[in-house]
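Following: one structure in structure tokens, then a few remarks.
Computation of the quantities below employed the complete heavy-atom set of this structure, encompassing side-chain atoms and omitting hydrogens, waters and symmetry-equivalent molecules.
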Amino acid sequence: MTVEMEIEAGIESVSANKVFDGWHKQYTHHSVVLNCSMRFAIYLPPQAKEGVSVPVMYWLSGLSCTDENFMQKAGALRVAAQLGIAIVAPDTSPRGDGVADDPAQSYDLGLGASFYVNATQEPWNKHYQMYDYIVSELPAVIETHFPVTSQRVISGHSMGGHGAMVVALRNPERYTSVTAFSPICNPINCPWGIKAFNAYLGGDVDQWRRYDACELIAASDQTVPMLVEQGADDNFLHEQLNPQALVAAAKNANYPLTYNRVDGYDHSYYFISSFIEQHLLFHARHLGVVDPLPAN
């Protein structure tokens, strides 16, 4: 059986494009934990081939995004190809017939807005188990079907930055490092988080704290190196993101956080594309990957 045939087993190919001598591919598969079909994208750098496995960066996108936004807009694939790091970008929520959505069809609840939690409240709990999907099911699929190692790092943007930090903080043994762009740092104290957590988790604030990076840092007894990039001109900075709470929590806990606030940048993929190389290099150094690129 060829490597390609092994990759195809159990997952269905959607698209494939050669880029920087590697391959960007999209697949669908049936998710047991989400009870629906899910699509994900993977970039396999040229180093990934039969007999050679590479580490993986998981990328979690923000509100209203899909697997496509980061892969098409972030400009990450050239650097990933040079470093020999695969990138996996899942969708941001369950989708399909019967999957609950916000009746008001707002962008910050329901489809595209999972907040990467395990929902406990009806009707969300039937499908919205994204925390388990990201931590357990998706890596099992990737590590079964693709030439990758069990070395994992994780990154994300906005809602996905929140998700990446929470996943790494709750599973420090599974992730070598974590980075985030414009993350929702303290969701139990911002409008986006309060709305989503009320819907998905109900009124038990103790459950909310399990998905709040500031609360998790304060209670942590293990650490994962963390890099956070924040644009000073982000229009969500003060009402929704609250990075000052994350910085304070890390300082109080002596947590290894590198926080960069950069003037002039907003919440967009223009911002992400400006600094994604530094984030991939941060991960590469913690993975022990030989660094062929100059440090910035």
Side-chain angles (χ1 to χ4, degrees), residues 41 57-77 79 87 89-93 102 104-117 130 134 153-169 178-197 211-214 226-250 257-283 296:
M57 183 182 86
Y58 289 86
W59 173 270
L60 307 185
S61 288
L63 290 165
S64 77
C65 290
T66 68
D67 66 285
E68 295 184 327
N69 297 74
F70 177 80
M71 294 297 203
Q72 294 180 4
K73 296 180 179 180
L77 305 188
V79 183
I87 301 176
D91 203 346
T92 50
S93 78
D102 180 15
Q105 296 186 320
S106 60
Y107 74 97
D108 55 357
L109 186 68
L111 300 184
S114 71
F115 275 78
Y116 302 101
V117 304
M130 283 292 287
I134 298 301
V153 298
I154 191 164
S155 297
H157 171 232
S158 195
M159 177 188 71
H162 141 76
M165 293 191 300
V166 166
V167 164
L169 286 162
V178 55
T179 75
F181 289 85
S182 313
I184 303 171
C185 295
N186 190 205
I188 67 174
N189 288 313
C190 79
W192 277 341
I194 292 168
K195 178 180 179 178
F197 287 4
Y211 298 101
D212 187 296
C214 295
M226 180 183 294
L227 168 64
V228 170
E229 211 82 32
Q230 177 61 61
D233 287 8
D234 191 319
N235 57 320
F236 300 114
L237 177 58
H238 301 292
E239 183 181 18
Q240 303 284 9
L241 305 181
N242 297 327
Q244 68 278 1
L246 185 76
V247 171
L257 166 67
T258 300
Y259 174 72
N260 296 327
R261 179 181 168 118
V262 284
D263 291 339
Y265 288 93
D266 57 19
H267 198 72
S268 71
Y269 270 85
Y270 294 111
F271 170 49
I272 295 171
S273 65
S274 298
F275 296 96
I276 190 62
E277 180 175 310
Q278 289 91 323
H279 283 235
L280 280 162
L281 286 169
F282 180 87
H283 289 308
N296 291 323

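For L109 against A196, the heavy-atom pair with the smallest separation is CD1-CA, 4.0 Å. Closest non-hydrogen pair, L60 versus A164, comes out as CD1-N, 3.6 Å. Taking both residues in full, the closest heavy atoms of I184 and F115 are given as CD1-CE2, 3.9 Å, listed atom of the first, atom of the second, then distance. Nearest heavy atoms, V178 versus F282: O-CE2, 3.9 Å. Residues I134 and P90 approach most closely at CD1-CG, 3.7 Å, considering heavy atoms. The nearest pair of heavy atoms linking M159 to S114 is SD-N, 3.9 Å.
Evaluation of the side-chain hydrogen bond (donor to acceptor under 3.5 Å, both in side chains) rule for H157 yields no partner, not counting sequence neighbours. Residues satisfying the side-chain hydrogen bond (donor to acceptor under 3.5 Å, both in side chains) criterion with D102, sequence neighbours excluded, are S106. With sequence neighbours left out, the salt bridge (Lys or Arg N to Asp or Glu O under 4.0 Å) criterion links D91 to R95. Considering only residues two or more places apart in sequence or on other chains, F275 meets the ring pair (Phe, Tyr, Trp, His ring centres under 6.0 Å) condition with Y265, F271. Take S93 and apply the side-chain hydrogen bond (donor to acceptor under 3.5 Å, both in side chains) test, not counting sequence neighbours, and it matches no residue. Applying the salt bridge (Lys or Arg N to Asp or Glu O under 4.0 Å) criterion to D67, with sequence neighbours excluded, gives R39.
With rounding to the nearest 0.5 Å, the separation of CD in E229 from OG1 in T179 is 8.5 Å. Expressed to the nearest 0.5 Å, how far CE of M165 lies from SG of C214 amounts to 7.0 Å. Here the CZ atom belonging to F236 is positioned 13.5 Å from the CG atom belonging to N242, to the nearest 0.5 angstrom.
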Worksheet item: Would V228 and L246 satisfy side-chain contact (heavy atoms from CB on, under 4.5 Å), going step by step from the backbone distance to the final call?
Response: CA-CA 10 Å; V228 170; L246 185 76; 3.8 Å; yes
Fill in: side-chain contact (heavy atoms from CB on, under 4.5 Å) between K73 and I272, worked out
CA-CA 9 Å; K73 296 180 179 180; I272 295 171; over 6 Å; no
Discussion item. side-chain hydrogen bond (donor to acceptor under 3.5 Å, both in side chains) for D212 and N186? Distances and angles first, verdict last.
Written reply: CA-CA 6 Å; D212 187 296; N186 190 205; 2.9 Å; yes
Item to complete: For I154 and M57, run side-chain contact (heavy atoms from CB on, under 4.5 Å): C-alpha distance rounded to whole Å, both residues' side-chain angles, the deciding distance at 0.1 Å, then the answer.
Response: CA-CA 5 Å; I154 191 164; M57 183 182 86; over 6 Å; no
Practice prompt. Could you give me the CA-CA distance, side-chain angles and deciding distance for W192 and S158, then say whether side-chain contact (heavy atoms from CB on, under 4.5 Å) is met?
Written response: CA-CA 11 Å; W192 277 341; S158 195; 4.0 Å; yes
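In Y107, the OH atom is crowded: over 12 heavy atoms of neighbouring residues, nucleotides or ligands sit closer than 6.0 Å.
Looking at N260 and L227, their side chains come closer than 4.5 Å, going by heavy atoms from C-beta outward.
A donor-acceptor contact shorter than 3.5 Å links the side chain of T66 to the backbone of E68.
Under the side chain to side chain donor-acceptor pair (under 3.5 Å) test applied with D234, the options R261, H267, Q240 reduce to a single match, H267.
In this structure, a donor-acceptor pair under 3.5 Å is absent between the side chains of S61 and T92.
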